Amino acid sequence: MIGWLQGRLAETWHQAGRCGVLVVCQGVGYELQLSGRHWQRLQPAGAELALHVHPSIREDGWTLFGFPDRLERDLFRELLNVSGVGPQAALGLLGALEPQQLVSAVVQADLRSLCQAPGVGKRTAERLAVELRQRFKERYGQLLAGALAVEADDDLTAVLPDGEEREEVGITLSALGYESLEIHRALRAVAAQGLAAKAPADDWIRECLRWLSRSAA
C-alpha cells in the first residue's frame, strides 16, 4: 500500500474540475489528485516533491490522493468516514479551508463555511458537524486552540461587549443550546457589523441570534 512518495514533479494537470500531478519516482510515474489549494501552491515542474498518499481502490481502477503533510491526509480520512462524503467532497473541503479553519468550522457547526466547498450542501455540512464534532475536539484540540488564539488577537476584540453584558449574552445563548465557539464567532461577526460595544445585552443577543440563524441557513 502506498503511503508516501518522494520524487520529481514531472507535470501538473487540471481536468473537469479536478487537479493533480505526475510525480516520477525512480523511473516510475505516479499520478495523484490534489486539493485545489495545494495544487495552486506547487513549485514549477522539475522540483522535488514529497506527498503523503491515500489510495482509493475501486473496481474501475485506483486513484491516488496526495497531501502536503500527514495532518491533511488524516483529516481527509476522517471526512471519508462521514456518511455521504466521498473523496471529491473531502478533497473539496480541504481545498476550500485550511486545516485549522476546517476543524474550527466542524466543531462550532459553522455550516456556512463548510458549504463553501464544492459538492457540500447544508445536509452534508450538518452531518459533518454532528458526526465529527466530538472527535475533532478530542483529536485536534491543539489545532483548534491555535485557531481561536488567532481570532482573539485581532482588532475586533476591542469592540466586543465586556463584563456583565458579555456574560449575559453568553449565558442566554448557552441556554438556547449554542456552544462557546458558536457564541464567540457570533459575537465577532456582530462586532464586525458595527454594533457598539456599549449597546444593551438584549441588542447583542438579538443580533447574535440573527447571525446564527443565517449561518445555519
Side-chain angles (χ1 to χ4, degrees), residues 1-107 110-121 124-125 127-128 132 135-136 139-140 142-151 153-154:
M1 190 67 67
I2 300 173
W4 185 78
L5 286 173
Q6 182 176 22
R8 178 179 58 85
L9 174 58
E11 62 181 42
T12 61
W13 55 267
H14 190 286
Q15 184 177 15
R18 302 180 184 184
C19 50
V21 294
L22 179 66
V23 180
V24 176
C25 307
Q26 298 181 348
V28 179
Y30 295 88
E31 188 174 83
L32 301 98
Q33 190 174 342
L34 310 180
S35 73
R37 177 175 53 82
H38 184 195
W39 187 80
Q40 292 172 357
R41 297 175 180 178
L42 290 172
Q43 297 296 316
E48 286 292 311
L49 182 63
L51 296 168
H52 288 267
V53 179
H54 175 84
S56 176
I57 304 173
R58 300 177 57 179
E59 292 183 359
D60 55 353
W62 283 44
T63 303
L64 300 180
F65 296 92
F67 306 91
D69 52 47
R70 185 184 297 275
L71 170 62
E72 290 204 25
R73 187 185 65 181
D74 289 349
L75 285 171
F76 178 80
R77 289 173 172 174
E78 297 275 13
L79 295 170
L80 291 181
N81 288 327
V82 176
S83 174
V85 177
Q88 298 309 319
L91 206 62
L93 284 159
L94 287 167
L97 300 167
E98 297 281 352
Q100 279 188 333
Q101 295 173 326
L102 176 58
V103 172
S104 178
V106 168
V107 170
D110 184 355
L111 305 187
R112 182 164 53 182
S113 293
L114 294 172
C115 288
Q116 291 177 17
V120 177
T124 300
R127 284 198 297 271
L128 287 165
L132 293 179
R135 182 168 176 81
F136 274 18
R139 187 167 185 180
Y140 303 109
Q142 186 174 358
L143 191 68
L144 184 61
L148 291 177
V150 170
E151 289 189 350
D153 286 339
D154 68 22

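Predicted model only: the values in this text are computed from it and were never measured.
- Among residues two or more places apart in sequence or in another chain, the side chain to side chain donor-acceptor pair (under 3.5 Å) test is passed with Arg58 by none.
- Counting only heavy atoms from C-beta outward, the side chains of Leu114 and Leu97 approach each other to under 4.5 Å.
- Separation of atoms CZ (Phe65) and CG (Leu91) is listed at 6.5 Å; rounding is to 0.5 Å.
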Without placing hydrogens or testing angles, list every side-chain donor-acceptor pair under 3.5 Å for residues 66-75, not counting sequence neighbours.
{"from": "Asp69", "atom 1": "OD1", "to": "Leu71", "atom 2": "N", "distance (Å)": "3.3"}
{"from": "Asp69", "atom 1": "OD1", "to": "Glu72", "atom 2": "N", "distance (Å)": "2.9"}
{"from": "Glu72", "atom 1": "OE1", "to": "Arg37", "atom 2": "NH2", "distance (Å)": "3.1"}
{"from": "Glu72", "atom 1": "OE2", "to": "Arg37", "atom 2": "NH1", "distance (Å)": "3.4"}
{"from": "Glu72", "atom 1": "OE2", "to": "Arg37", "atom 2": "NH2", "distance (Å)": "3.0"}
{"from": "Arg73", "atom 1": "NH1", "to": "Gly3", "atom 2": "O", "distance (Å)": "2.9"}
{"from": "Arg73", "atom 1": "NH1", "to": "Val53", "atom 2": "O", "distance (Å)": "3.4"}

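- Residues Leu42 and His38 are in side-chain contact: their nearest non-hydrogen atoms beyond the backbone lie under 4.5 Å apart.
- For the side chain to side chain donor-acceptor pair (under 3.5 Å) test, no residue two or more places apart in sequence or in another chain qualifies with Thr63.
- Ala90 pairs by the side chain to side chain contact (heavy atoms under 4.5 Å, CB included) definition with Phe76, Leu79, Leu80, Val85, not counting sequence neighbours.
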Review item, side-chain donor-acceptor pairs of residues 14-33, under 3.5 Å, at least two apart:
{"from": "Gln33", "atom 1": "OE1", "to": "Gln88", "atom 2": "NE2", "distance (Å)": "3.3"}
{"from": "Gln33", "atom 1": "NE2", "to": "Gln88", "atom 2": "OE1", "distance (Å)": "2.7"}

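- Contact of the Arg135 side chain with the Tyr140 side chain is not registered, since no non-hydrogen atoms from C-beta on lie closer than 4.5 Å.
- Considering only residues two or more places apart in sequence or on other chains, Glu48 meets the side chain to side chain contact (heavy atoms under 4.5 Å, CB included) condition with Gln6, Arg8.
- The heavy-atom pair separating Ala96 from Ala117 by the smallest distance is CB-CA, 3.9 Å.
- With rounding to the nearest 0.5 Å, the separation of CD in Gln101 from CG in Leu93 is 12.0 Å.
- Atom CG of Leu64 sits about 10.0 Å away from atom CG of Leu51, to the nearest 0.5 Å.
- Taking each heavy atom of Pro55 and Met1 in turn, the nearest pair found is CG-SD, 3.2 Å.
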